[in-house]
Amino acid sequence: MSTIIYYFTGTGNSLYCARRIGDLLGDTTILPIEADGKKIALLKADNIGLVFPVYAFGLPNVVKQFIKHLSSDNKGKYYFAVATNGGRVAGALVLTRRLLGARGIKLSAGYSVIMPTNMILLHETNEEKRKNFLTQWRRKFGRSSRQLNPVSTMQWKWAP
């Protein structure tokens, strides 16, 4: 089954996730999200993924605009969303589901992936903590990423 993953990234975390997911799924095209105000044509893939960071407990505006421009002809495909965040996904996935629903598109699965945060005012960071976090994240991501294949399983749960 073919997959298209659209990503938006500010720091590189979401691009990293999109690439890892694409590697694990195989037959995946990874494209940047661009909100240029044009309608997004019918997507020629069985599965469509959206990978983006959580901004202020919600979606980046560019992601909102991208979803608003998806053609309603894209319904009936398997859609999944991955919200990278520093520990709080908040309402980002619920909002994604609502925005897609307004286009007649069902979000089949939503995932929260905790990554190093860039909100330096709220979080202390140092090189050793960052390396330990990334090492643990790579191990955990490798184990849980097998769930990404919608053909083999659809067990992912909505993040609160």
Side-chain angles (χ1 to χ4, degrees), residues 1-35 40 43 45-68 70 74-119 122-123 130 132-160:
M1 297 182 84
S2 62
T3 302
I4 296 176
I5 297 176
Y6 285 98
Y7 73 91
F8 173 73
T9 193
T11 62
N13 286 343
S14 295
L15 174 57
Y16 180 81
C17 282
R19 287 178 176 164
R20 291 281 305 190
I21 293 166
D23 289 345
L24 292 162
L25 290 177
D27 193 16
T28 299
T29 302
I30 299 172
L31 300 169
I33 289 177
E34 298 173 5
I40 310 299
L43 303 173
D46 302 303
N47 310 306
I48 310 297
L50 303 172
V51 181
F52 53 85
V54 174
Y55 276 16
F57 306 111
L59 297 176
N61 283 333
V62 68
V63 176
K64 290 179 195 175
Q65 291 305 312
F66 179 84
I67 292 171
K68 288 178 182 176
L70 279 172
N74 288 304
K75 52 187 163 190
K77 297 178 182 288
Y78 181 90
Y79 276 81
F80 65 91
V82 177
T84 61
N85 60 87
R88 294 190 175 114
V89 72
L93 294 171
V94 173
L95 180 57
T96 303
R97 181 177 60 186
R98 286 183 187 152
L99 290 171
L100 286 170
R103 307 289 310 139
I105 298 169
K106 178 186 174 203
L107 182 61
S108 300
Y111 308 95
S112 169
V113 176
I114 298 173
M115 297 289 288
T117 184
N118 64 352
M119 215 166 173
L122 298 178
H123 301 279
R130 186 185 70 78
N132 287 337
F133 180 87
L134 289 173
T135 299
Q136 290 175 11
W137 183 87
R138 285 185 187 108
R139 261 190 248 128
K140 191 186 294 185
F141 191 86
R143 284 193 309 265
S144 63
S145 60
R146 288 183 284 279
Q147 298 175 349
L148 277 171
N149 190 337
V151 175
S152 64
T153 181
M154 291 175 29
Q155 300 297 317
W156 287 13
K157 300 201 182 330
W158 282 96

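The aromatic rings of Tyr6 and Phe66 sit tilted relative to each other, their planes meeting at an angle between 30° and 60°.
When all heavy atoms are compared, the tightest approach of Gly58 to Ala92 is O-CB, 3.9 Å. A pairwise comparison of heavy atoms in Lys68 and Arg103 identifies O-NE, 3.5 Å as the closest pair. In terms of heavy-atom proximity, Gly22 sits nearest to Ile5 at N-CD1, 3.9 Å. Among all heavy-atom pairs drawn from Ile48 and Ala45, the shortest one is CD1-CB, 4.1 Å. Heavy atoms only, all atoms of each residue included: Ala83 and Val54 are closest at CB-CG2, 3.9 Å. Here the shortest heavy-atom pairing between Ser14 and Thr9 reads N-OG1, 3.4 Å.
Put simply, NZ on Lys106 and NZ on Lys77 are 15.5 Å apart, with the number rounded to the nearest 0.5 Å. Expressed to the nearest 0.5 Å, how far CZ of Phe8 lies from OG1 of Thr84 amounts to 10.0 Å. Note that the CD1 atom of Ile4 and the OG1 atom of Thr28 stand 9.5 Å from one another [nearest 0.5 Å]. Distance check: Ile67 CD1 to Leu59 CG gives 5.5 Å after rounding to the nearest 0.5 Å. In this structure, CG on Leu50 lies 7.5 Å from CG on Leu107, to the nearest 0.5 angstrom. Remark: Ser108 OG to Tyr78 OH distance equals 5.5 Å, nearest 0.5 Å.
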Discussion item. For a side chain to side chain donor-acceptor pair (under 3.5 Å) check, start with the C-alpha distance between Asn47 and Ser2, then their side-chain angles and the critical distance, and finish with the verdict.
Written reply: CA-CA 6 Å; Asn47 310 306; Ser2 62; over 6 Å; no
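By the 4.5 Å heavy-atom criterion applied to side chains, Leu99 and Lys64 are counted as neighbours. Using a 4.5 Å heavy-atom cutoff, the side chains of Phe80 and Thr3 are in contact. Contact check for Ile114 versus Asn85: side-chain heavy atoms found under the 4.5 Å cut-off.
Aromatic ring centroids of Phe52 and Tyr7 lie 6.0 Å or more apart.
Each of Val82, Ile30, Val113 was evaluated against Ile21; a single residue qualifies, Val82, per the side chain to side chain contact (heavy atoms under 4.5 Å, CB included) test.
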